[in-house]
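Below you'll find the structure, written out as structure tokens, and then a few comments.
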There are 2 protein chains.
Amino acid sequence: MTTLTDVAKRANVSKMTVSRVINHPEQVRDELKQSVFAAMRELNYRPNVAAKALVNNRTQIIKLFILEDMDTTEPYYMNLLAGISKELGKEQYSLQLVTEHNFDIGGCDGYIVTGMRHTDFEWLQRLERPVVLFGENRLELDYCDTNNTLGTQMATEYAIKQGYDQIEFIGINVKEPFEYSREAGYLMSMQNHQLPTMIHRFSNHSHLAMEYIESHWATLKTNTCYVCASDRLAFGIEKGLTIFNARIPQDFGIIGFDGVFLNQVATPKLTTVQQPIFELGVQCARMLLTKIDKDGQSQGIEQLTPTLSIGGSTRNDQL
Amino acid sequence: MTTLTDVAKRANVSKMTVSRVINHPEQVRDELKQSVFAAMRELNYRPNVAAKALVNNRTQIIKLFILEDMDTTEPYYMNLLAGISKELGKEQYSLQLVTEHNFDIGGCDGYIVTGMRHTDFEWLQRLERPVVLFGENRLELDYCDTNNTLGTQMATEYAIKQGYDQIEFIGINVKEPFEYSREAGYLMSMQNHQLPTMIHRFSNHSHLAMEYIESHWATLKTNTCYVCASDRLAFGIEKGLTIFNARIPQDFGIIGFDGVFLNQVATPKLTTVQQPIFELGVQCARMLLTKIDKDGQSQGIEQLTPTLSIGGSTRNDQL
DNA sequence: TTGTACGCGTTATCAA
DNA sequence: TTGATAACGCGTACAA
């Protein structure tokens, strides 16, 4: 294993110069810098993370809190994790998962928290390291999320453009910001077009949406499009409609929200507001690293733009 | 932050004694041990992972290679990760994900590899740290996996017991050990009962299984049970049968394999061979940590027993 | 059984 | 702009 000292000898400088080349390159003459770089390359130098962590009083560890019951949101997370991990890796950080299974102790340099409900606010505030949330909040905490309002606006506008007569919103009955934002997007678009609104809410389980369709089939009007707050609900709506052999997308349209996995296995595939989950992971990590670097200074919020992924559950050209 | 030295002072011993209490407790008198423990508790001592890593020439990092395309297997992995992470946490290890997105460099103490195909064998062998695979292999590499053969035996026996006349296997057309083992379980059970066997194979996509049913509907015999090598295929079979309003489970039975997510969203819910994914994660990590501890010594294999999760896609009492 | 001295690889401080 | 030194917290080797 090559160390700083090895590189220093090879380049005929002190090890401090090598260290500076890495951490404060502006303090070193270009000439020296070049020969140090050369030495590092020749010796295939890799900094020792542990030594660095020790002297900086850091752990090089980020904890990821997953506060929601994992079974309900699973398909989602691997992409997030991949994004986070990619970004953390760049600065030699590694990851510890904290779930319901191991609410453990042990140091870290910062936290990424997903699935926060407002009841978590209190203990979150007591964390002694920088925190970045994945998911909207209205508590002045730094976060990254999809632009939820924009997402449902895109969905609603698309439904309108495709000529559906009624456009109804199938929401999740939680009192959380992401849901308010999604409903707001729907309401704004509808009001802009002076269309009447209708919102139904269920817990985020496909069978509840399916049962709603089953029990209300007689009263449903054709040429309705359901804009849903999640793919789970959209999936349930689609299954419900399929039971009655409803014509999708001709007589009923369905648009989901998430765009991870479930939209793909549905038949027909769901048109859905696709969240840029991987990029959100990258951004979360990026924001947290910056925050750590700046001694916990607030980093504000970051809202990424979703894309509307067109599937077979909506008409895709105007009548 | 309390250090070894702080604890030592409080307990009126040298810091080496404290260190020994942690790493070689058998070398310390009970009396001293007690007072050291007391001091650690009072001062809320937490070992400094970086310092430990530095002196031991370790990184306290485990890399998790996910070799398959993440989109195809997603729902699966979070449970695995949770299990791995829980076990690693106990010994202050943290995790780095290596996926198609970041095939990065950087040291670690060991590897967990999932989704290995036989073509990966060569470069895997060149890894310079202990490796444990998640998933069967026949290359003498240490691994943890579900007992795949037992799983399909359980499924097949159950189908027989429920009185289905034909029992056919829907396999994945990959030449990998886990698939051979699953097919073997089916074949063994069928032969034990002197029943005729039938195997179909598809890539692991639900729509392929669905299309199979669609195109062969006319020739299908009622009272057939499909034992599938994955929930994806089972899900496709079920969708295909549903198109024709086939009566499930009365006229057709379906049994999947995996038991993560997809079986839950299917209607009716799939009877499936449920893999103990979380526990497999724990075992993988456990095995790897032991292997690291024993200087890379081979740890053999570990096969955990799956459970048959009964859903609505099979009859659940004998005719 | 317990303690002392030293080194692990890095960075900050201060002096040159 | 560069270098010498000390320090981070812990574990090994050796001495007591």
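First the proteins, then the strands, lettered A, B, ... as listed; each starts at 1. Just the heavy atoms: all of them, side chains too, but no hydrogens, waters or symmetry mates, feed the values below.
A/Q96 and A/K63 are linked by a side-chain donor-acceptor pair at a separation below 3.5 angstrom, with hydrogens and angles left out of the test. With no hydrogens or angles considered, a side-chain donor-acceptor pair links B/Y77 and B/T114 at under 3.5 Å.
The residue among B/L32 and B/A51 whose nearest nucleotide of DNA chain C is located toward the 5' end is B/L32.
Look at CD on A/Q92: it is 16 Å from C1' on C/dT11, rounded to the nearest Å. Computed from coordinates, the B/Q27 CD to C/dT1 C1' distance equals 9 Å when rounded to whole Å. Distance CG (A/N12) to C1' (D/dG3): 14 Å, rounded to an integer number of Å. Spacing between atom CG of B/N57 and atom P of C/dG9 amounts to 7 Å, rounded to whole angstrom units. Protein atom CG of B/D30 is 10 Å distant from nucleotide atom P of C/dT1, rounded to whole Å. Per the geometry, CG belonging to A/N48 stands 8 Å off C1' belonging to C/dC8, to the nearest Å. A/I22 places its CD1 atom 16 Å from the C1' atom of D/dT2, with the value rounded to the nearest Å. Rounded to an integer number of Å, the gap from A/Q60 CD to C/dG9 C1' is 14 Å.
Judged by distance alone, with hydrogens and angles left aside, A/K15 brings a side-chain donor or acceptor within reach of the base of C/dT10, the pair sitting under 3.5 Å.
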Anything under 3.5 Å between a protein N or O and an N or O of nucleotides 13-16 of chain C, put it in a table, one pair a line.
none

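Judged purely by atom type and a 3.5 angstrom limit, A/T149 uses its side chain to pair as donor or acceptor with the backbone of A/S181.
Within the 4.0 Å cut-off from OP1 or OP2 of D/dT2, not a single side-chain nitrogen or oxygen of A/S14 is found. For the OP1/OP2 pair of C/dG9 and a distance below 4.0 Å, the side-chain nitrogens and oxygens of A/T5 include no atom meeting the criterion. Distances shorter than 4.0 Å separate none of the side-chain N or O atoms of B/T17 from OP1 or OP2 on C/dT2. When the side-chain nitrogen and oxygen atoms of B/H24 are compared with OP1 and OP2 of D/dT12, one or more of them lie within a distance under 4.0 Å.
Between A/T59 and B/V49, the closest side-chain pair of non-hydrogen atoms is not below 4.5 Å. Two residues are said to be in side-chain contact when any heavy atoms from C-beta on lie closer than 4.5 Å; B/V98 and B/Y111 fail this criterion.
Note that CG of B/L97 and CG of A/L95 are 7.5 Å apart. Values are rounded to the nearest 0.5 Å.
Of the candidates C/dT2, C/dT11, C/dG9, the closest approach to any side-chain atom of B/V28 belongs to C/dT2. The nucleotide whose nearest atom lies closest to any side-chain atom of B/V55 is, among C/dT11, D/dG11, C/dT10, D/dG11.
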Practice problem: Applying salt bridge (Lys or Arg N to Asp or Glu O under 4.0 Å), run through B/D109 and B/R129 and close with a yes or a no. | Solution: CA-CA 6 Å; B/D109 295 342; B/R129 307 279 167 181; 5.1 Å; no

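Within the nucleic acid shown, A/N23 comes within 4.0 Å of sugar-phosphate atoms alone, with no base atom in reach, counting heavy atoms only. Residue contacts for B/L4: at a heavy-atom cut-off of 4.0 Å it reaches the sugar-phosphate backbone alone, with no base atom in range.
Under 4.0 Å is where a charged nitrogen must lie from a carboxylate oxygen, and between A/E31 and A/K33 no such pair does.
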